[in-house]
Amino acid sequence: MKSNKSVFSFFLFFMMTVLLLSACAKSGEKQKKKVALAAAKEYPQQTDSVYVVKFTTGDPDFKEHLGLMKLFYRERQYRFAWFKDGALVPQAYKFVEVMGKAHEEGLDPKKYAKRDFKTMFQTLEQAKNDSTRHKLQEELDVTLTASYFDYATDFYKGTVNPRSLENIEWEVKRNKIKLHKALQTILKERESRYPYYEFEALHPGYIRLREALKQYRLAKQQGGWPKIQLASKMIKPGDSAQAVLSLRHRILGKPADNTPQNRIYDKPLADAVKNFQIRHGLKPDGVVGGETLKVMNIPVEERIDQIIINMERWRWVPKRFEDKYVLINIPEYMLHVYEKGKEMLNMKVVVGKEMHATPVFSDKLEYIVFYPYWNITPQILEEEIAPAQARNPNYLASHDMELVKDIGNNQVEVLSPSSVDWNTVDRNFKMRVRQRPGKQNPLGFVKFIFPNEHNVYLHDTPSDHLFNQTERGFSHGCIRIEKPFEFAQYLLKDQKQWTPSAINAAMHGGAEKYVNLSAKVPVYIVYFTAWVDDNGAVHFRDDIYKHDRDLEMAYFR
């Protein structure tokens with residue numbers, strides 16, 4: 001009985017002690033808050049324009065962000081951003097953590113590790129004097145803000161400005177993200193549809209590449225993959241060869257024992273090789289040699305760099321695509337149509353050969369031309385047509401071409417080729433040469449126009465066999481599409497009079513016909529040599545125009 005009383009007394013004493021300590025702790029916290037609030041009244045939680053300008057311009061890493069710094073603090077009347085009731089907000093710690101993981105974004109973490117925030121946080125925590133504490137808060141607040149603009153500019157807009165370097169080919173519509181607004185979202189001072197508050201990227205394409213970057217860096221840590229060396233020009237399914245062992249390691253990701261069975265190039269391995277070929281834009285025949293062997297032997301380090309620079313390109317695109325748009329990826333030789341985030345249509349395309357590279361830019365598709373003339377571009381006229389006509393006065397006639405002069409109101413006057421000295425024709429030639437519609441016309445039976453300074457458009461082609469090639473760089477810069485009839489159907493689906501039969505009749509109607517779209521459709525002609533598909537498969541393509549090479553030189557400088 002006495003024992004039970006003793007236990008009860010001890011338990012009661014223990015509980016009272018816990019409650020007393022808890023009350024003391026709460027009292028201590030309240031006292032700290034009172035002190036902080038009192039200090040805040042004596043030393044208002046704000047900076048001023050003089051300090052912001054002096055701090056920003058005095059640091060070579062931050063001075064380029066002076067405009068953003070002034071705008072951000074001016075809009076908040078110079079109140080501190082990263083403090084609330086005298087204490088750092090949780091987002092400050094989260095942001096420092098994010099900067100520490102910049103490597104995962106393909107960014108250089110050393111650039112953002114120049115400020116020792118951990119020490120700054122500790123110094124602030126230990127500060128006893130209110131005046132000293134206020135000075136530390138001011139320095140820390142402005143440093144965090146400047147660091148955010150420095151990091152976020154790289155993360156959201158890119159470390160390379162494609163419009164400031166002549167050799168970086170990219171004229172796609174700009175990313176117009178307002179970083180001072182993004183920071184307000186992070187600090188929960190405004191709402192946004194974008195995940196700024198999570199310090200997250202804006203496009204799934206980027207996020208998927210970031211995951212691929214982890215995979216390929218892991219492969220590098222594990223020693224990369226073996227180089228495949230063949231005793232003959234190629235090996236194909238059914239062959240038995242020593243090289244099949246390294247092929248198994250390369251394709252299946254793990255070493256294979258040196259046994260007779262593992263040296264046989266069997267069907268499961270062949271299927272895996274065909275999948276590899278598909279992911280790399282190669283003919284999926286299972287034969288290892290030539291281009292397939294060359295691609296397999298590209299080191300993992302090069303693939304890592306390729307992933308990183310394509311992540312950089314994602315930072316250059318607009319922060320949000322329109323509800324409906326067309327995207328043409330040049331190295332992929334593919335056209336994709338998206339509507340509300342869903343792919344509605346895709347098709348193969350033929351793009352410009354290297355010497356006539358298709359430009360990387362964006363514009364808006366405005367109208368369709370059925371049964372079109374081919375208006376020869378000034379460049380082709382000067383370099384090809386004029387010299388041919390000078391050598392052979394019957395050249396235009398034999399190619400169903402004519403010389404015309406614009407006379408207004410979309411009318412032309414047909415002129416005799418003999419009225420021109422073709423040896424003097426250059427790009428400033430005042431008249432036009434065009435090829436009449438029909439089977440000889442390289443535009444086929446329809447073209448799709450988005451007026452632009454490059455004279456680039458989409459069109460049909462009589463050379464359908466070119467779509468069977470894996471590498472399709474054959475044009476003078478314009479883009480030939482595999483399914484012109486289906487594309488016209490999609491674009492005109494909201495214009496009820498344009499039924500499939502009406503479209504077919506217009507394509508073969510014997511007269512050129514212009515049709516305006518009811519709404520303009522954005523067209524993005526881009527250049528991605530690495531991406532991850534919806535199934536998580538990583539794809540790579542050749543750098544057909546050497547744009548990767550130029551970007552790597554700028555990015556990794």
Side-chain angles (χ1 to χ4, degrees), residues 25-26 28-37 39-40 43-47 51-52 55-56 59 61-62 65 68-69 72-73 75-76 78-130 132-157 177-192 194-202 207 210 214:
K26 287 182 180 179
E29 289 297 321
K30 287 181 179 179
Q31 186 62 28
K32 282 185 179 180
K33 284 188 177 181
K34 286 182 179 179
V35 170
L37 289 171
Y43 299 96
Q45 299 286 283
Q46 66 182 58
T47 182
Y51 185 85
V52 169
F55 175 90
T56 309
D59 192 312
D61 294 326
F62 295 153
H65 308 300
L68 278 170
M69 292 288 287
F72 175 74
Y73 277 106
E75 286 190 358
R76 64 190 303 106
Y78 295 92
R79 288 181 294 105
F80 288 167
W82 301 86
F83 289 88
K84 185 175 181 180
D85 295 334
L88 276 167
V89 295
Q91 294 92 324
Y93 301 99
K94 175 67 174 177
F95 172 52
V96 173
E97 180 186 344
V98 166
M99 284 195 294
K101 296 179 180 178
H103 185 63
E104 296 178 5
E105 310 294 341
L107 300 172
D108 182 4
K110 294 179 183 178
K111 179 182 178 183
Y112 317 108
K114 295 178 182 178
R115 282 91 200 162
D116 187 354
F117 282 107
K118 183 178 180 181
T119 299
M120 294 177 77
F121 291 161
Q122 290 176 345
T123 302
L124 177 63
E125 182 69 24
Q126 296 166 2
K128 304 299 183 182
N129 181 279
D130 292 341
T132 301
R133 182 176 178 81
H134 180 268
K135 289 179 181 178
L136 290 171
Q137 286 178 329
E138 182 176 36
E139 180 187 4
L140 186 52
D141 198 88
V142 177
T143 303
L144 281 166
T145 301
S147 297
Y148 174 77
F149 289 141
D150 192 42
Y151 173 82
T153 296
D154 292 347
F155 179 61
Y156 285 119
K157 293 190 172 186
I177 180 173
K178 296 179 180 179
L179 292 177
H180 68 295
K181 297 294 185 184
L183 182 51
Q184 290 172 5
T185 302
I186 288 169
L187 298 170
K188 297 183 178 180
E189 296 175 351
R190 67 186 293 272
E191 297 292 329
S192 174
Y194 304 107
Y196 302 133
Y197 59 92
E198 297 174 346
F199 299 95
E200 186 53 282
L202 304 181
I207 294 171
R210 183 175 61 194
K214 291 181 183 178

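Worth knowing before you read on, the calculation uses all heavy atoms, side chains too, and leaves out hydrogens, waters and symmetry mates.
Within the structure, the ring pair (Phe, Tyr, Trp, His ring centres under 6.0 Å) test picks out the following pairs touching residues 93-118 (sequence neighbours left out): Trp82-Phe95, Tyr93-Phe121, Phe95-Tyr148, Phe95-Phe199, Tyr112-Tyr151.
Here the closest heavy-atom approach between residue Thr132 and residue Asn129 is recorded as N-OD1, 2.9 Å. Contact record, Lys110 with Lys114: O-CG, 3.7 Å, taken as the closest heavy-atom pair. Taking all atoms of both residues into account, the shortest heavy-atom contact from Pro195 to Leu202 is CD-CD2, 3.8 Å.
With contacts defined as side-chain heavy-atom distances shorter than 4.5 Å, the pair Phe155/Val98 does not qualify. Two residues are said to be in side-chain contact when any heavy atoms from C-beta on lie closer than 4.5 Å; Leu144 and Leu88 meet this criterion. Annotation: side chain of Val142 is not in contact with side chain of Phe62 (no heavy-atom distance under 4.5 Å). Within the 4.5 Å cutoff, side-chain heavy atoms of Ile177 are placed close to those of Leu179.
Judged by distance alone, with hydrogens and angles left aside, the side-chain atoms of Arg210 form no donor-acceptor pair with the main-chain N or O of Ala201 at under 3.5 Å. Checked by atom type and distance alone, the side chain of Arg79 never pairs as donor or acceptor with a backbone atom of Gln45 at under 3.5 Å.
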Full working for side-chain contact (heavy atoms from CB on, under 4.5 Å) between Arg133 and Lys128: CA-CA 7 Å; Arg133 182 176 178 81; Lys128 304 299 183 182; over 6 Å; no

Quick one: do Met120 and Leu136 satisfy side-chain contact (heavy atoms from CB on, under 4.5 Å)? Show the steps, please. CA-CA 8 Å; Met120 294 177 77; Leu136 290 171; over 6 Å; no

Might you work through the side-chain contact (heavy atoms from CB on, under 4.5 Å) test for Thr185 and Glu191, ending with a clear yes or no? CA-CA 6 Å; Thr185 302; Glu191 297 292 329; over 6 Å; no

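Residues that satisfy the side-chain contact (heavy atoms from CB on, under 4.5 Å) test with Glu75, not counting sequence neighbours, are Leu71, His180, Lys181, Gln184.
For the side chain to side chain contact (heavy atoms under 4.5 Å, CB included) with Asp141, the lone residue among Tyr78, Phe80, Tyr51 that qualifies is Phe80.
Between Lys101 and Glu97, at least one side-chain nitrogen of the basic residue sits less than 4.0 Å from a carboxylate oxygen of the acidic one, meeting the salt-bridge criterion. A salt bridge is absent between Lys111 and Asp61: the closest approach of a Lys/Arg side-chain nitrogen to an acidic carboxylate oxygen does not fall below 4.0 angstrom.
Atom OG in Ser192 sits 11.5 Å away from atom NZ in Lys178 (nearest 0.5 Å). Note: Leu183 CG to Phe149 CZ = 5.0 Å, rounded to the nearest 0.5 Å. Atom CG of Asp130 sits about 9.5 Å away from atom CD of Gln137, to the nearest 0.5 Å. With values rounded to the nearest 0.5 angstrom, Met69 atom CE is found 8.5 Å from Thr47 atom OG1. With rounding to the nearest 0.5 angstrom, the OG1 atom of Thr119 is 12.5 Å from the CG atom of Leu124. Expressed to the nearest 0.5 Å, how far CD of Glu139 lies from NE2 of His134 amounts to 12.5 Å.
Crowding of Lys188 atom NZ: a count of heavy atoms from other residues, nucleotides or ligands under 6.0 Å not exceeding 12.
Side-chain contact of Tyr73 with Thr145: a donor-acceptor pair under 3.5 Å is present, judged by distance alone. Between the side chains of Thr143 and Arg115, not a single donor N or O lies within less than 3.5 Å of an accepting N or O.
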